[in-house]
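Worksheet for the structure shown next.
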Amino acid sequence: MFNSKITGIGHYVPDTIVTNHDLEKIMDTSDEWIQERTGIKERRFYKPDEKGSTAKMAYKASLMAMERAKVTADDIDAIVFATLSPDYYFPGSGVLLQDMLKMGTKPAIDVRAQCSGFIYSLSIADQFIKTGMYKRMLVIGSETQNIALDMTTRGRGMAVLFGDGAGAVVLERTEEKGKGILSTHLFSQGEYADALCIREPGTNSSGKIAYEGIDEKHELIHPQMDGQLVFKNAITRMPEATMTALAANNLTPDDIDMFLPHQANLRISQMVQRFLKLPDEKVYNNIQKYGNTTAATLPILLSDLWEQGRIKEGQLFALAAFGSGFTWASALIRW
Ligand code: UT7
């Protein structure tokens, strides 16, 4: 069995910054409410006139990750692509990226695990590399979420939370023991599928959106969430998954050099931090400037830290995510 390690990290966020004050102009909300409840100050929105956004942003993040890993698309054996906001209903965005990168007939796997999508994808790529089937893979999280949000007062409970962006890592085979992805732990609980979802277009109902009467279909075509239920589960499941990962590797929270929680709400991150008894310098959050970018969140956090020179050889990173599905997951990485 081989190990896999991250050799390059990249990200891309759209240029358009939408502040809480911008939102105040189009819906009944306030900077104070948003910051107090979520920590978010601003987010990025992809402009609606720029077509093909999820795959295009992934392309830009991938180029950065490959450049930093000093490889080209010719060196990549396969793509694993996580998103809840694909460019098409089908096929997934993985093949669109595969085409943009001119990867011939190499495979692209699409993953639908929402906020846990990046760790799920990392886990899938890790298994392919461990078994020796592939040597080097691109793992992507990319989201264009603003187009699904209801940007009126009716949709304010969700609209203020999300942002757009993409992150990518190059994962490759290493024979170094004790380095790279130490473990991934994945969980789901489908009984809560309706607690955070967009129902249409889906085969459970009409299978297609009928434009007639679309205004009355607010509950179906925009994201819906039982915020407090999601909150309660997030603050228990993320520490639980992190403790499971640490125990599986005979480690404790004291061994963590950097903890990266999925960025759904700064209050959630702070509660998870308290549960794990981690000091502020060992936890990194950037929700203040990007909002919740779902599957893109963790690779954007990683890329931010990489750019700040805060990823050092030998450090132990713990990643945890929770979201729609419910799905949740953790990963331990030794650099
Ligand atoms: O990435 C997926 C995972 N997602 C999460 O983990 C999110 C988990 N949930 C949360 O973070 C929180 O539940 C929210 C931040 C989404 C909401 O906070 P909350 O404290 O649960 O607020 P609430 O939904 O109970 O709403 C409280 C009040 C309501 O007004 P009333 O009924 O008390 O008069 C809402 O209508 O705040 C109102 N409200 C708003 N006010 C201003 C809801 N959204 C807004 C808004 N601006 N954007």
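FYI, side chains are in, hydrogens and waters are out, and symmetry mates aren't considered; it's all heavy atoms of this structure. Counting starts at 1 for both ligands and their atoms, following the listed order.
Heavy-atom separations between Arg267 and ligand 1 are all 4.0 Å or longer. Distances from ligand 1 to the non-hydrogen atoms of His262 include at least one value under 4.0 Å.
For residues 16-36, the salt bridge (charged side-chain N to carboxylate O under 4.0 Å, His left out) pairs, not counting sequence neighbours, are Asp22-Lys25, Asp28-Arg156.
For atom 32 (O) of ligand 1, the nearest protein heavy atom is 4.0 Å or more away. Under the 4.0 Å distance rule, the nearest protein heavy atom to atom 24 (O) of ligand 1 falls outside the cut-off.
Close approach of ligand 1 to Asn265 is summarised as follows: ligand atoms under 4.0 Å from at least one heavy atom of the residue are 10 (C), 11 (O), 15 (C). Residue Ala264 has at least one heavy-atom neighbour below 4.0 Å for each of these atoms of ligand 1: 1 (O), 3 (C), 4 (N), 5 (C), 6 (O). Atoms of ligand 1 lying under 4.0 Å from at least one heavy atom of Met225, given by number and element, are 4 (N), 7 (C), 16 (C). Interface atoms of ligand 1 facing Asn292, defined by a heavy-atom separation under 4.0 Å, are 1 (O), 2 (C).
In terms of N/O distances under 3.5 Å, ligand 1 is not approached by Ser324. Any N or O atom pair closer than 3.5 Å counts here, and Trp33 shares at least one such pair with ligand 1.
Connectivity analysis of hydrophobic side chains (ILVMFWY, heavy atoms under 4.5 Å, direct or indirect) links Ile300 to Val13, Tyr290.
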